[in-house]
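A short write-up of the structure that comes next.
Note on naming: letters A, B, ... go to the chains in the order of the sequence lines (proteins, then strands), and numbering restarts at 1 for each one.
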2 protein chains.
Amino acid sequence: MEEVRVFCPATIANISCGFDVLGVALDSVGDEMVVRKTKETGIRITKLEGQDLPLETNKNVAGVAGLALLEKAEYTGGFEIEIYKKIKAGSGIGSSAASSTGAVWAMNHLLGNPFSKTELVQFAMEGERLASGVAHADNVAPALFGAFTLVRSYTPLDIVPIKNPSELYATVIHPQIEVKTSDSRKILKTTISLENGIKQWGNVGGLVAGLFMEDYDLIGRSLEDHIIEPIRSILIPGFNSIKEETIKSGALGCGISGSGPSIFTFSKGEETAQKVAEAMKKIYKNIGIDFDIHVSKINTQGIKIIN
Amino acid sequence: MEEVRVFCPATIANISCGFDVLGVALDSVGDEMVVRKTKETGIRITKLEGQDLPLETNKNVAGVAGLALLEKAEYTGGFEIEIYKKIKAGSGIGSSAASSTGAVWAMNHLLGNPFSKTELVQFAMEGERLASGVAHADNVAPALFGAFTLVRSYTPLDIVPIKNPSELYATVIHPQIEVKTSDSRKILKTTISLENGIKQWGNVGGLVAGLFMEDYDLIGRSLEDHIIEPIRSILIPGFNSIKEETIKSGALGCGISGSGPSIFTFSKGEETAQKVAEAMKKIYKNIGIDFDIHVSKINTQGIKIIN
């Protein structure tokens with residue numbers, strides 16, 4: 001096989017209590033990429049549509065992630081990449097992760113899958129390092145594994161795939177405002193109270209248990225964040241109203257997607273997820289902020305081949 | 001029914017990363033209690049063998065927990081309690097929790113089970129408040145529910161029963177030294193670094209996932225504590241050697257039981273758990289500290305009726 005076209009899902013990271021460790025992949029929001037083997041070595045981004053991003057290999061997250069793979073591969077050729085971005089950069093739903101994971105997944109596929117998914121996560125993390133300065137894994141892991149993933153540890157890297165309840169839907173709204181990842185990192189405190197820490201790991205335990213038991217109420221009760229959300233939500237206009245109204249509309253829980261500004265909710269069933277979308281839209285229409293909105297089933301497969 | 005005899009299991013709380021939230025019940029270590037209905041109201045401790053503890057109702061954890069239940073019960077009579085202590089007070093394996101849960105479970109049983117397990121946890125927490133000054137739930141919850149339990153939240157109280165892998169065994173050693181709960185609380189810091197917090201909730205997520213998936217390696221990898229153990233282990237002579245040697249002997253992980261001084265390990269299979277016990281004994285024999293040691297399957301039932 002010489003060429004493959006893939007769907008690269010958007011992802012929600014920092015799921016409420018699961019800051020830096022829990023992420024999930026979406027089913028109906030994502031980029032497309034075409035990756036093609038070439039005789040000459042190295043990686044070339046030959047097309048990039050939908051976003052104004054650099055084509056230079058070492059300035060593009062897909063290029064950098066691909067180079068990390070190429071360095072470890074027993075392969076003398078190279079790759080050409082076409083990227084069709086549908087996820088906006090800076091939206092907080094894993095735009096850079098979609099590109100970097102799509103590149104390494106497709107390359108691995110074309111080479112006959114010499115690398116494990118965890119190795120692919122490591123290559124893709126180099127793309128994340130380029131995008132945000134930090135090689136985090138909580139977007140790239142769900143994009144590669146699908147469904148919910150836990151980054152139990154970074155050293156060594158330990159990715160735990162978590163079971164996905166079959167009726168779970170996400171509703172994500174992206175208000176068209178700019179929140180710089182560096183700003184949203186900067187305002188975080190480097191210490192937290194032990195008391196809030198205990199609440200947080202109680203909720204992480206509850207959320208993971210709820211996912212395994214398909215206990216939607218427990219999932220909802222566990223979608224609390226006593227540490228990050230109270231600080232970061234200040235940067236997102238209307239966050240508190242969105243949270244209040246989506247819960248009233250039946251959402252299990254609501255939080256900041258990644259480092260924002262997107263806001264996610266989970267619901268049981270598509271009907272509720274659509275109702276929640278209406279509640280979200282109404283608030284940003286009233287405030288007068290433009291937005292994109294996505295209602296999506298959870299993606300249990302991760303990156304996949306399309307025609 | 002007018003009388004019941006129950007087995008009240010010992011419990012391990014503060015399971016490594018799960019400080020204040022994760023506990024587990026043991027199968028072969030525990031107290032016995034006889035609880036009997038009386039016509040006259042109130043609660044009387046009529047016998048207390050095995051430990052030198054107060055018989056006065058309002059100074060005894062079983063008495064105090066029982067009074068908390070009696071206050072909410074539609075019942076005009078009272079109860080007599082006989083306590084046969086086998087768990088030493090101050091050992092760190094839930095001695096007070098065994099007595100307080102045994103009392104309320106047996107009373108509830110004799111009254112036809114008007115209260116839920118979570119309500120019983122709340123009554124038993126009053127016994128914990130008497131014993132340690134803090135109404136914690138991480139020993140009483142597993143004693144009542146059996147197996148592993150997560151205290152997701154205290155306000156409101158939310159107990160999550162966690163699946164138990166069938167081949168899991170605990171080995172617990174109790175060095176005969178006194179560590180006051182108040183001392184072991186006092187040396188804890190009230191703040192922690194966000195970095196360690198993230199590690200801790202990553203491990204809690206991993207441990208809960210490992211229990212649900214019966215993934216013994218993941219359970220082992222997740223039995224890390226970056227926050228409490230480095231501080232509290234200073235109070236327990238030989239802790240680091242015990243940890244090192246038990247892991248070498250095949251234990252999945254090793255940590256402080258409750259607030260110490262007992263040290264617990266988990267193993268896959270009884271044979272390994274016995275080998276681990278030998279490694280533990282050897283160390284305390286060399287140091288010259290007396291000890292009790294227990295090898296036990298996980299108790300999946302909690303308190304139970306015996307003849």
Side-chain angles (χ1 to χ4, degrees), chain A residues 14-22 136-138 148-163 185 188-215 217-228 231, chain B residues 14-22 136-138 148-163 185 188-215 217-228 231:
Chain A
N14 295 338
I15 299 175
S16 295
C17 49
F19 178 70
D20 259 10
V21 304
L22 279 170
H136 57 90
D138 45 347
F148 286 83
T149 57
L150 172 81
V151 185
R152 188 198 62 81
S153 152
Y154 275 87
T155 46
L157 186 64
D158 190 2
I159 309 289
V160 181
I162 307 287
K163 202 184 156 193
R185 279 246 154 215
L188 295 182
K189 310 280 179 283
T190 55
T191 60
I192 62 175
S193 72
L194 176 59
E195 196 187 338
N196 277 337
I198 293 164
K199 286 183 190 168
Q200 203 84 343
W201 59 72
N203 280 314
V204 168
L207 181 51
V208 171
L211 291 168
F212 274 102
M213 296 193 289
E214 304 220 10
D215 181 335
D217 284 341
L218 176 56
I219 292 168
R221 296 199 301 277
S222 305
L223 287 169
E224 286 187 342
D225 175 1
H226 294 277
I227 294 170
I228 310 299
I231 300 173
Chain B
N14 296 339
I15 299 174
S16 296
C17 49
F19 178 70
D20 258 11
V21 304
L22 279 170
H136 57 90
D138 45 347
F148 286 84
T149 57
L150 172 82
V151 185
R152 187 197 62 80
S153 152
Y154 274 87
T155 47
L157 186 64
D158 190 1
I159 309 289
V160 182
I162 306 287
K163 204 184 154 193
R185 280 246 153 215
L188 295 182
K189 309 280 180 282
T190 54
T191 60
I192 61 174
S193 71
L194 177 59
E195 197 186 338
N196 277 338
I198 292 165
K199 286 182 190 169
Q200 202 85 343
W201 59 71
N203 280 314
V204 168
L207 182 50
V208 171
L211 292 167
F212 274 103
M213 296 192 289
E214 303 221 7
D215 181 334
D217 285 341
L218 175 57
I219 293 168
R221 296 198 301 278
S222 306
L223 286 169
E224 286 187 342
D225 176 1
H226 294 277
I227 294 171
I228 309 298
I231 299 173

Completion exercise
Counting heavy-atom pairs under 4.5 angstrom with chain A, the leader among B/Ile192, B/Val208, B/Val204 is B/Ile192
Practice task
Mind checking side-chain hydrogen bond (donor to acceptor under 3.5 Å, both in side chains) for A/Asp158 and listing every partner two or more places apart, or none if nothing turns up?
Solution key: A/Arg152, B/Arg221
Problem - For B/Ala209 against A/Val160, the heavy-atom pair lying closest together - result: CB-CG1, 4.0 Å
Handout entry: Options A/Leu211, A/Ile227, A/Leu188, A/Asn203, ranked by heavy-atom pairs under 4.5 Å with chain B, top entry
Key = A/Asn203
Exercise for the section: Apply side-chain hydrogen bond (donor to acceptor under 3.5 Å, both in side chains) to B/Asp225 and list each qualifying residue two or more places apart in sequence or on a separate chain. Expected result: B/Gln200
Problem - Pick from A/Ser153, A/Gly197, A/Cys17, A/Gly202 with the largest number of heavy-atom pairs that fall under 4.5 Å of chain B - result: A/Gly202
Problem - Per-residue contact mode, B/Lys189 against chain A (heavy atom under 4.5 angstrom) - result: backbone
Problem - Closest-packed option against chain B by number of heavy-atom pairs under 4.5 Å, given A/Leu218, A/Asn196, A/Ile228, A/Val151 - result: A/Leu218
Completion exercise
Turns out that what part of B/Leu150 lies under 4.5 Å from chain A's heavy atoms comes down to side chain
Exercise for the section: Find the distance between CG (B/Asp20) and CD (A/Glu195) and round it off to the nearest 0.5 Å. Expected result: 10.0 Å
Handout entry: A/Met213 vs B/Phe212 side-chain heavy atoms within contact, under 4.5 Å
Key = yes
Practice task
Return the option, out of A/Leu22, A/Ile162, A/Val21, with the maximum number of heavy-atom pairs under 4.5 Å with chain B.
Solution key: A/Val21
Practice task
Below 4.5 Å from any heavy atom of chain A, which atoms of B/Ser193 appear? Answer side chain, backbone, both or neither.
Solution key: both
Handout entry: chain A contact via B/Ile198 - which portion, at a heavy-atom distance below 4.5 Å
Key = both
Problem - Residue part contacting chain A, namely of B/Pro161, when any heavy atom lies under 4.5 Å - result: backbone
Exercise for the section: Looking only at non-hydrogen atoms, find the nearest pair between B/Trp201 and A/Phe19 and report the distance. Expected result: NE1-O, 3.0 Å
Fill in the blank from the handout: Applying a strict 4.5 Å limit to non-hydrogen atoms, the region of A/Ser222 in contact with chain B is both
